[in-house]
Protein chains: 2
Amino acid sequence: MEDAEALDAVFAALANPTRRAILARLSKGDATVNALAEPFDMSLPAISKHLRVLEQAELITRSKDAQFRPCRLNAERLKDVALWTEQYRHIWDARFDAMARAIEDLRETTDDQGTGMGEDHA
Amino acid sequence: MEDAEALDAVFAALANPTRRAILARLSKGDATVNALAEPFDMSLPAISKHLRVLEQAELITRSKDAQFRPCRLNAERLKDVALWTEQYRHIWDARFDAMARAIEDLRETTDDQGTGMGEDHA
DNA sequence: TAGATAATTAAGCAAACGGTTTATTACGCG
DNA sequence: CGCGTAATAAACCGTTTGCTTAATTATCTA
């Protein structure tokens, strides 16, 4: 997990609207290749290639059912993405900053047992 | 935000270990092109191009200071990524599922009081 | 004014990407 | 068996990517 090469493949796979749409579809349940291809104005081999990219990035898995190849979402890799972005959360999340400041304030007030009142900020 | 084309550019920019390393470096503070290039066994123009990709994805901004072009992280686009992944959290996060079940239980107990909350769709 | 330094532009190249059309494989069914 | 359906493989094509080296632009400094 959290491996650099794996992240390369996952981000590259996600950098395409067709593939993201396929993932969105699969989040509602498994589907065959033809079912996944239906919404797109694109040849079936093109979809097949997109699925291969998603599979190699481990964003989906494929099984066999007669001549059908039902696809299933593998959310583990999306979790990896979420975990990767977490390291930057403190930069964009105001709540995170507010919490950090609150912790700092708490530390200060317990340090010198001062007035504890008279602060401002929104 | 949450625009499809923008996400294309952001994910594509993140699909490269050099560019992710540059972002990690910038999360610790602004830096010039040469400073950013230093850790890599790669020509300066190559780094310059990576920075252009990051800039066009709006993952960084660049200013002017004499002959220097200090780069700064723009975490907004990383926030977009985090928000995008959120839609799949319930699939991988067991705690999320537990919470969803708790909400469902709560909804059931308040149903007969006619809250007028969201009904089903499709 | 001449250098040195910071960074980009230009040109070139091999490999990967995203699509196509045309086979080909695999399976179920009458 | 022969046919229809699901899906992949093969070959091809234009564009993009990720890198190179060489040249150019912009700015500070002696």
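Each chain gets a letter, A, B and so on, in the order the sequences are listed, and its residues count up from 1.
Not one side-chain nitrogen or oxygen of A:Arg69 sits closer than 4.0 Å to the OP1 or OP2 atom of C:dA26. The phosphate of D:dT5 (OP1 or OP2) has no side-chain N or O of A:Asn34 nearer than 4.0 angstrom. Phosphate contact (OP1/OP2 of C:dT8, side-chain N/O of B:Ser48, threshold under 4.0 Å): present. OP1 and OP2 of C:dC17 both lie 4.0 Å or more from every side-chain N or O belonging to A:His50. The phosphate of D:dG18 has OP1 or OP2 within less than 4.0 Å of a side-chain N or O from B:Asn16. Note on B:Lys64: a side-chain N or O is less than 4.0 Å away from OP1 or OP2 of D:dT27. Applying the 4.0 Å criterion to OP1 and OP2 of D:dC19, one finds that B:Ser43 has every side-chain N and O outside that range.
Atom P of nucleotide C:dT9 and atom CG of B:Leu51 are separated by 12 Å, given to the nearest angstrom. Atom CG of B:Leu54 is separated from atom P of D:dG18 by 11 Å (rounded to the nearest Å). The NZ-C1' distance, from A:Lys49 to D:dA6, rounds to 18 Å in whole Å. The nearest whole Å value for the distance from the CD1 atom in B:Ile47 to the C1' atom in D:dG18 is 11 Å. What separates CZ of A:Phe68 from C1' of C:dA26 is a distance of 12 Å, to the nearest Å. Between the CZ atom of A:Arg19 and the P atom of C:dG19 there is a distance of 8 Å, given to the nearest Å. Distance B:Asp65 CG to C:dA6 P: 12 Å, rounded to the nearest Å. Atoms CZ (B:Phe11) and P (C:dC17) sit 17 Å apart, rounded to a whole Å.
Among the heavy atoms of the strands, none lies under 4.0 Å from B:Thr18. If you check every strand for non-hydrogen atoms under 4.0 Å, B:Ala46 touches a base.
Rounded to the nearest 0.5 angstrom, B:Leu36 CG and B:Leu44 CG are separated by 10.0 Å. One finds the OH atom of A:Tyr88 at 9.5 Å from the CG atom of B:Leu59 (value rounded to the nearest 0.5 Å).
Each of A:Arg72, A:Arg62, A:Arg25 was checked for a side-chain contact (heavy atoms from CB on, under 4.5 Å) with A:Asp30, and the lone residue meeting it is A:Arg72. The side-chain contact (heavy atoms from CB on, under 4.5 Å) test with A:Phe68 singles out one residue from A:Asn34, A:Val33, A:Thr32, and that residue is A:Thr32.
Proximity of A:Lys79 to B:Ile91: side-chain heavy atoms (C-beta onward) are nowhere separated by under 4.5 Å.
Listed nucleotides D:dA22, C:dT20, C:dC27 differ in distance to A:Met42; the shortest reach to its side chain belongs to C:dT20.
Along DNA chain C, the nucleotide nearest to A:Leu44 and the one nearest to B:Gln67 differ in position, and the one closer to the 5' end is contacted by B:Gln67. Along DNA chain D, the nucleotide closest to B:Pro45 and the one closest to A:Val33 are compared, and the more 5′ of them pairs with A:Val33.
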